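Below is one structure, written out as structure tokens; the observations come after it.
As the structure is a computational prediction, the values presented were derived from the model and not from experiment.
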Amino acid sequence: MSYNRIDRISEEVRREVDRIIREDLNDPRITGTFSVTHADVTRDLRHAKIYVSVLEDDKREGMMAALKKAAGFIRHELGQNIIIRYSPELTFISDENIAYGVHIAKVLADAQKTEASHDEDSETP
């Protein structure tokens with residue numbers, strides 16, 4: 001198998017898992033702003049790590065618990081919607097890259113405001 005094929009399968013699994021979570025799951029713990037950022041499918045198609053980013057810190061733990069509990073249902077739906085040799089066993093992993101990016105953007109914006117106010121103060125005689 002080529003790595004390009006695995007990459008294409010991983011991307012298709014990511015898209016389909018995202019759709020299943022948003023449209024087919026009815027768990028009240030799945031709320032807020034979240035994104036399925038990445039899927040790593042093994043070469044033998046038996047296992048997949050699904051990386052999920054949740055923007056709100058207080059909802060992250062409940063969301064991950066709900067996804068781990070619903071992994072069997074998501075796997076079944078994935079097997080029904082994607083035609084591949086095996087329906088991979090899913091492992092959900094919390095991905096904090098988006099939250100970290102938002103934090104960095106906020107720090108940079110604060111630094112720009114501080115610099116702008118410092119420049120205005122130094123220019124006035």
Side-chain angles (χ1 to χ4, degrees):
M1 271 191 271
S2 145
Y3 286 107
N4 291 333
R5 180 172 182 257
I6 296 298
D7 291 342
R8 288 192 313 263
I9 291 171
S10 294
E11 180 58 25
E12 186 64 28
V13 166
R14 185 201 65 80
R15 267 190 254 121
E16 191 60 28
V17 167
D18 188 38
R19 188 201 62 76
I20 291 168
I21 292 170
R22 292 182 190 281
E23 296 176 8
D24 296 341
L25 284 182
N26 292 324
D27 193 313
R29 295 175 289 182
I30 298 177
T31 59
T33 306
F34 68 91
S35 176
V36 177
T37 57
H38 188 69
D40 281 334
V41 178
T42 58
R43 293 185 71 193
D44 64 358
L45 305 176
R46 300 243 183 213
H47 301 279
K49 291 180 183 176
I50 309 296
Y51 295 89
V52 179
S53 180
V54 181
L55 194 58
E56 296 90 0
D57 289 333
D58 57 328
K59 296 180 181 179
R60 182 174 294 126
E61 188 175 319
M63 174 83 162
M64 296 309 294
L67 290 176
K68 288 177 183 177
K69 184 173 181 178
F73 172 77
I74 297 170
R75 180 182 184 188
H76 174 75
E77 290 295 312
L78 186 65
Q80 297 290 319
N81 297 328
I82 294 181
I83 301 171
I84 54 177
R85 183 174 298 147
Y86 303 107
S87 179
E89 183 178 327
L90 304 176
T91 304
F92 291 96
I93 299 171
S94 180
D95 185 6
E96 298 180 8
N97 288 339
I98 292 177
Y100 182 71
V102 169
H103 169 72
I104 294 298
K106 183 179 177 187
V107 168
L108 290 173
D110 290 344
Q112 283 181 330
K113 287 179 186 176
T114 303
E115 185 177 319
S117 68
H118 178 61
D119 289 343
E120 289 176 3
D121 290 342
S122 64
E123 288 179 6
T124 55

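Taking D58 as the reference, nothing meets the side chain to side chain donor-acceptor pair (under 3.5 Å) condition, with sequence neighbours excluded. For R29, the side chain to side chain contact (heavy atoms under 4.5 Å, CB included) test picks out D27, A65, A66, K69, with sequence neighbours left out. Annotation: salt bridge (Lys or Arg N to Asp or Glu O under 4.0 Å) contacts of D110 (sequence neighbours excluded): none. Partners of R15 under the salt bridge (Lys or Arg N to Asp or Glu O under 4.0 Å) rule, at least two apart in sequence or in another chain, are E11, E12. Scored by the salt bridge (Lys or Arg N to Asp or Glu O under 4.0 Å) test, D40 finds no partners at all (sequence neighbours excluded). For the side chain to side chain donor-acceptor pair (under 3.5 Å) test, no residue two or more places apart in sequence or in another chain qualifies with S94. The side chain to side chain donor-acceptor pair (under 3.5 Å) check on E23 picks up R19, with sequence neighbours excluded.
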For residues 74-84, please give each side-chain donor-acceptor pair under 3.5 Å, one per line with the distance, not counting sequence neighbours.
from: R75; atom 1: NE; to: S87; atom 2: O; distance (Å): 3.0
from: R75; atom 1: NE; to: P88; atom 2: O; distance (Å): 3.3
from: R75; atom 1: NH2; to: S87; atom 2: O; distance (Å): 2.9
from: N81; atom 1: ND2; to: E16; atom 2: OE2; distance (Å): 3.0
from: N81; atom 1: ND2; to: E77; atom 2: O; distance (Å): 3.1

Under 3.5 Å, which donor-acceptor pairs link side chains of residues 47-56 to any protein atom two or more places apart or in another chain?
from: S53; atom 1: OG; to: D95; atom 2: O; distance (Å): 3.1
from: E56; atom 1: OE1; to: T33; atom 2: N; distance (Å): 3.0
from: E56; atom 1: OE2; to: T33; atom 2: N; distance (Å): 3.4
from: E56; atom 1: OE2; to: T33; atom 2: OG1; distance (Å): 3.4

Subject >> Worked check of side-chain contact (heavy atoms from CB on, under 4.5 Å) between Y86 and D44 >> reply: CA-CA 9 Å; Y86 303 107; D44 64 358; 6.0 Å; no

Original post:
How far apart are the C-alpha atoms of L90 and L67, what are their side-chain angles, what is the distance that settles it, and do they pass the side-chain contact (heavy atoms from CB on, under 4.5 Å) test?
Top reply: CA-CA 10 Å; L90 304 176; L67 290 176; over 6 Å; no

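For the residue pair T31 and K59, the shortest heavy atom distance occurs at OG1-CD, 3.6 Å. Between M63 and F34, the closest heavy-atom pair is CE-CG, 3.2 Å.
Summarising the hydrophobic clusters (Ile, Leu, Val, Met, Phe, Trp, Tyr; side-chain heavy atoms under 4.5 Å, direct or chained), the residues clustered with Y100 are I104, L108.
Hydrophobic cluster membership differs between V41 and I93, with clusters built from Ile, Leu, Val, Met, Phe, Trp and Tyr side chains linked at under 4.5 angstrom.
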